[in-house]
Amino acid sequence: MTNPNPTHTRSRARHVALALALILYGWLQVWIPITPPQTGQWFPRLPIIGLVAHANDFKHMYFGARLLRDGADPYDAETMLHGIARDYRVSVNPYVYLPFTAQILTPLSFLPLEPAKYVWFAINHLLFLMALGLMAWTLAQTGARREWIFTALVLTAAIWYPLSRTLVAGQLTCVLFFCIVLYWMAAERGWAFVAGTSLAFAALFKISPT
């Protein structure tokens, strides 16, 4: 009877670990937030309402983009706090970002609010996981080590409360995180144009990356 190939065994272990980490991430950070309230909207032991009932930060960015697209002033508090709130029957905060932010989000403003929330939710997940992949690629020199680092990052993200909060609120954090990681990766490799463009986009997208 031949002994199993150690390299093949280690590779399978890496793939299984990554798959389990992604499943946990999908359950805690994707499935639970989009679960309708009538079937359970709460994170396990975390007092946070899911995307269905939240997206509070996204709403004022979305309506700011709609106003800008229609040639109106997104900084007009009267329009935002009374006109939008009355017409759409939602509570909404004033628009406080740069016009560039609304311009980037304009494609989402062509969708109704509910579908737009889910599209933005998906975009945030994609950018966040891409950022983790870039981090693993930058930190590691070998393929095996990259996989383990990426697995550890995904596992940490799956149970990270601040990520849960920013995702269901529809904030700009994941975009900024991706831009900063892209800058770091590009700077490490001497790609000055990519690094500068990434930081410039982040600064225009949100003045203070917090």
Side-chain angles (χ1 to χ4, degrees), residues 3-35 42-46 48 50-51 54-55 57-58 104-105 108 117-203 205-206 208-210:
N3 293 325
N5 187 324
T7 302
H8 177 71
T9 301
R10 287 194 294 269
S11 176
R12 184 169 60 182
R14 292 197 307 270
H15 294 157
V16 170
L18 178 56
L20 292 175
L22 288 170
I23 290 171
L24 184 64
Y25 178 93
W27 176 49
L28 292 177
Q29 301 289 13
V30 180
W31 174 249
I32 290 179
I34 65 174
T35 303
W42 300 94
F43 276 69
R45 294 186 297 278
L46 292 179
I48 182 167
L51 180 72
H54 204 310
D57 289 70
F58 176 70
I104 293 299
L105 295 176
L108 291 178
K117 288 197 302 187
Y118 289 96
V119 172
W120 182 239
F121 186 67
I123 289 172
N124 279 322
H125 278 293
L126 177 63
L127 290 176
F128 184 79
L129 290 174
M130 287 173 61
L132 296 188
L134 289 177
M135 288 179 67
W137 187 43
T138 304
L139 288 169
Q141 300 300 316
T142 65
R145 190 159 176 246
R146 286 191 200 115
E147 286 186 44
W148 282 120
I149 291 174
F150 184 60
T151 299
L153 290 172
V154 171
L155 183 61
T156 302
I159 57 175
W160 194 33
Y161 178 83
L163 177 62
S164 306
R165 183 65 185 174
T166 195
L167 285 168
V168 299
Q171 297 172 347
L172 302 177
T173 310
C174 291
V175 177
L176 296 176
F177 179 60
F178 174 78
C179 289
I180 292 169
V181 171
L182 181 60
Y183 160 77
W184 170 49
M185 183 272 294
E188 286 284 313
R189 285 160 175 74
W191 301 346
F193 179 79
V194 175
T197 301
S198 178
L199 276 190
F201 181 92
F205 199 60
K206 187 179 181 184
S208 176
T210 56

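Predicted, not measured: the structure shown is a model, and the values here were computed from it. Any value given below was found using the heavy atoms of this structure, including those in side chains, with hydrogens, waters and symmetry copies removed.
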Any side-chain heavy atom of [X] sitting closer than 4.5 Å to one from [Y]?
X: F121; Y: P33; answer: yes
X: L167; Y: C174; answer: yes
X: V175; Y: F201; answer: yes
X: L163; Y: Y25; answer: yes
X: R189; Y: T138; answer: yes

What pair of heavy atoms forms the shortest contact from [X] to [Y], and how long is it?
X: I34; Y: Y118; result: CG2-CE2, 3.7 Å
X: A195; Y: A187; result: CB-N, 4.1 Å
X: L127; Y: F178; result: O-CD1, 3.6 Å
X: V154; Y: A21; result: CG1-O, 3.6 Å

What distance separates [X] [atom1] from [Y] [atom2], expressed to the nearest 0.5 Å?
X: T197; Y: W191; atom1: OG1; atom2: CH2; value: 13.0 Å
X: L132; Y: I149; atom1: CG; atom2: CD1; value: 11.5 Å
X: L172; Y: F58; atom1: CG; atom2: CZ; value: 10.0 Å
X: L155; Y: L22; atom1: CG; atom2: CG; value: 10.0 Å
X: D57; Y: R165; atom1: CG; atom2: CZ; value: 8.0 Å
X: L176; Y: Y183; atom1: CG; atom2: OH; value: 15.0 Å

Kindly determine whether K206 and T173 satisfy side chain to side chain contact (heavy atoms under 4.5 Å, CB included), including the steps that lead there.
-> CA-CA 9 Å; K206 187 179 181 184; T173 310; 5.7 Å; no

A157 backbone acceptor or donor facing Q29 side chain under 3.5 Å |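 Yes.
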
Do the side chain of W120 and the main chain of G170 share a donor and acceptor less than 3.5 angstrom apart?
->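 Judged by distance alone, yes, a pair lies under 3.5 Å.
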
Side chain to side chain contact (heavy atoms under 4.5 Å, CB included) between L126 and M130: does it pass, once the steps are laid out?
-> CA-CA 6 Å; L126 177 63; M130 287 173 61; 3.8 Å; yes

The single option from E147, R146, R145 passing side-chain contact (heavy atoms from CB on, under 4.5 Å) against R14 =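 Of the listed residues E147, R146, R145, the side-chain contact (heavy atoms from CB on, under 4.5 Å) partner of R14 is E147.
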
